[in-house]
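This is a predicted model, so every value here is computed, not measured. We count ligands from 1, going down the list as the structure has it; atoms in each ligand are counted the same way. Residue numbers start at 1 and run along the sequence shown.
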Amino acid sequence: MRIAVIGSGYVGLTSAVCFAEIGHNVISVDNDKLKIAALERGTVPFHERFLPELLMRHRGGRLQFSASVADAVSESEAVFITVGTPQSETGEADLSFVEAVAREVASAIRSSIVIIEKSTVPVRTCESLRKTLLLNGAQQTLFSVASNPEFLREGTAVTDFLYPDRIVIGVDDHLSATVMHEIYRPLTTGSYYRREEAIPFEKRATQQAPIIVTNAKSAELIKHACNAFLAMKISFINAVANISESVGADIEQVCAGIGSDSRIGPKFLNAGIGYGGSCFPKDIQAFQVVAHQCNCDFGLLAEVMRINSDQARRFLTKVRDALWTLRGKRLAVLGLAFKGDTDDVRESPAIAIIEALLKEGALIRAYDPAAIPKAKGVLPDNNSVVYAADAYDAVAECDALLILTEWKEFASLDLHKIRSLLKHPIVIDGRNLYETARMTNAGLIYYSTGRSASFPAHMSSIAHQTAPLPAPFVRPAVGL
Ligand code: NAD
């Protein structure tokens, strides 16, 4: 199948490369000419496992790059739209990039083609897409519109795409159903998994990727509902964590007890500084607007967002409790990306927390295995933020260590070395990466989420002083 993918960001590039990997001829398009030039040279513009090798495998063969939507569309049987759908000022999804692409696609349609929305969009966007294509000169008999929401996660994007929990296709006619089935056939029949050179994955034994066929509106709704549910799980456990912390329970034990119920499951039950990234915050907002437009009172979504923004504020309160005043204090920060295994700092809670700490006069020594170049683009370019070469370089001579992203390497630090490098033995962990006893045995005072602060034996007198209050006062943070 000849496929065009419009937008070569996290979703578009991953989709284009993976479609080529499963046997299609793909043109990956972006209006950012520098990005296209870099991709043509073989450079992936972001950190994502397996993408560089797959790009090398297919670039110049089944995978081509172009800055022209018209050229790509005129040579394709299917066009995926994967451009950004950011949050507008009013909270709803800004669909102007999608509309701009639709206009360009409309004027380039010459033969039968399916236009597929893969970007995350509100329910009924397929209808608007169809209307825009017609208004801009596309012949009704030559095109179909389908929805194919994307569920990949940054950090595991390639394996999520190739080994999906499910593929959702929202189709309202025979042409789009046939084309969509054809595109995903190597995954749904399992023929891709039997190839010698297939990207390895523990689910390799998977015989066939499940496919769920719905109408377009249901597919659109699935994506928003899915993200809202996951965000709700995170906010739920954070609310429970706050109770746990107040009464001196251990949220990790509570999570083990909750998550082992097969009706709930252990995933997304991680207490901490809350969700971030380019999807959840804007998608939950957009879904709330959709509910409002449908006259449905979905107040639960507002509560999910309120709890989430409160988590970062609570974390800052802990930093102040641990350090008293912040002006002039040197704080080591491990983690800048919104989650581990990615360099994406969009809506990263780590960045928001750093910005609030800077406003209170703290000095930051930050380290992230991948996100430093992107963080440099958003954090102040002055001496208040210094970037370290590794985790140990970051903590040297600092008043405390703050863990803000759950990179695997941050969960296996040499704690005795950390203790010896820090000026004061204080660790404030926004991701609950450690058992409390490991920290205190290494001589560190440990603050985490949903667990009481813990102190090494020789500092037990401070522990009594800071016993949890029934209702901790949460001071509004500057900038959060
Ligand atoms: P992104 O910002 O990384 O990429 C979007 C790309 O589209 C950019 O490279 C931009 O230059 C390009 N673009 C914009 N207008 C264009 C135009 N007119 N013609 C050609 N190219 C154009 O965004 P992303 O993270 O890949 O997200 C894309 C969509 O997928 C969003 O709706 C997002 O919500 C959704 N999504 C994202 C993820 C994720 O983890 N990032 C996961 C699932 C779904």
Sub-4.5 Å side-chain heavy-atom contact between Leu221 and Phe287: yes

Could you tell me whether the side chain of Ser74 reaches within less than 4.5 Å of the side chain of Ile109, counting heavy atoms only? no

How far is [atom] from the closest protein heavy atom, and which atom is that?
atom: atom 39 (C) of ligand 1; result: Glu154 OE2, 3.5 Å
atom: atom 30 (O) of ligand 1; result: Val11 CG2, 3.5 Å
atom: atom 28 (C) of ligand 1; result: Thr82 O, 3.4 Å
atom: atom 42 (C) of ligand 1; result: Leu152 O, 3.4 Å
atom: atom 43 (C) of ligand 1; result: Glu150 O, 3.3 Å
atom: atom 14 (C) of ligand 1; result: Val83 CG1, 3.7 Å
atom: atom 35 (C) of ligand 1; result: Thr120 OG1, 3.4 Å
atom: atom 15 (N) of ligand 1; result: Asn31 ND2, 3.6 Å

If we only consider heavy atoms of Ala100, is any one of them less than 4.0 Å away from an atom in ligand 1? no

I'd like to know if Lys282 contacts ligand 1, where contact means a heavy-atom distance under 4.0 Å to any ligand atom. yes

Rounded at 0.5 Å granularity, tell me how far CD in Gln87 sits from OG in Ser278. 12.0 Å

Validation row, ring centre Phe229 to ring centre Phe268 under 6.0 Å: no

Any atoms of ligand 1 less than 4.0 Å from a non-hydrogen atom of [X]? List them with their elements.
X: Lys223; result: 43 (C)
X: Arg346; result: 1 (P), 2 (O), 3 (O), 23 (O), 25 (O)
X: Cys279; result: 34 (O), 36 (N), 37 (C), 38 (C), 39 (C), 42 (C)
X: Thr85; result: 31 (C), 32 (O), 34 (O)
X: Gly84; result: 5 (C)
X: Asp30; result: 6 (C), 7 (O), 8 (C), 9 (O), 10 (C), 11 (O), 12 (C), 20 (C), 21 (N)
X: Lys35; result: 8 (C), 9 (O)
X: Gly9; result: 1 (P), 3 (O), 4 (O), 6 (C), 9 (O), 26 (O)

So, the side chain of Glu150 versus the backbone of Leu152: is there a donor-acceptor pair under 3.5 Å, distance only? yes

Are any side-chain N or O atoms of Arg431 and backbone N or O atoms of Leu404, one a donor and one an acceptor, separated by less than 3.5 Å? yes

Do you see a donor-acceptor pair shorter than 3.5 Å between the side chains of Thr85 and Lys282? yes

Verify the distance criterion only: is there a donor paired with an acceptor across the side chains of Asp344 and Thr342 at less than 3.5 Å? no

Using the ring pair (Phe, Tyr, Trp, His ring centres under 6.0 Å) rule, take Tyr387 and Tyr367 through it: C-alpha gap first, then chi angles, then the decisive distance, then the call. CA-CA 6 Å; Tyr387 297 94; Tyr367 172 69; over 10 Å; no

Test: ring-ring contact (aromatic ring centres under 6.0 Å, His included). Region: residues 142-162. Which pairs qualify, not counting sequence neighbours? Phe19-Phe161

Go through the steps for Phe315 and Tyr447 under the test ring pair (Phe, Tyr, Trp, His ring centres under 6.0 Å), then give the verdict. CA-CA 9 Å; Phe315 183 83; Tyr447 297 83; 9.6 Å; no

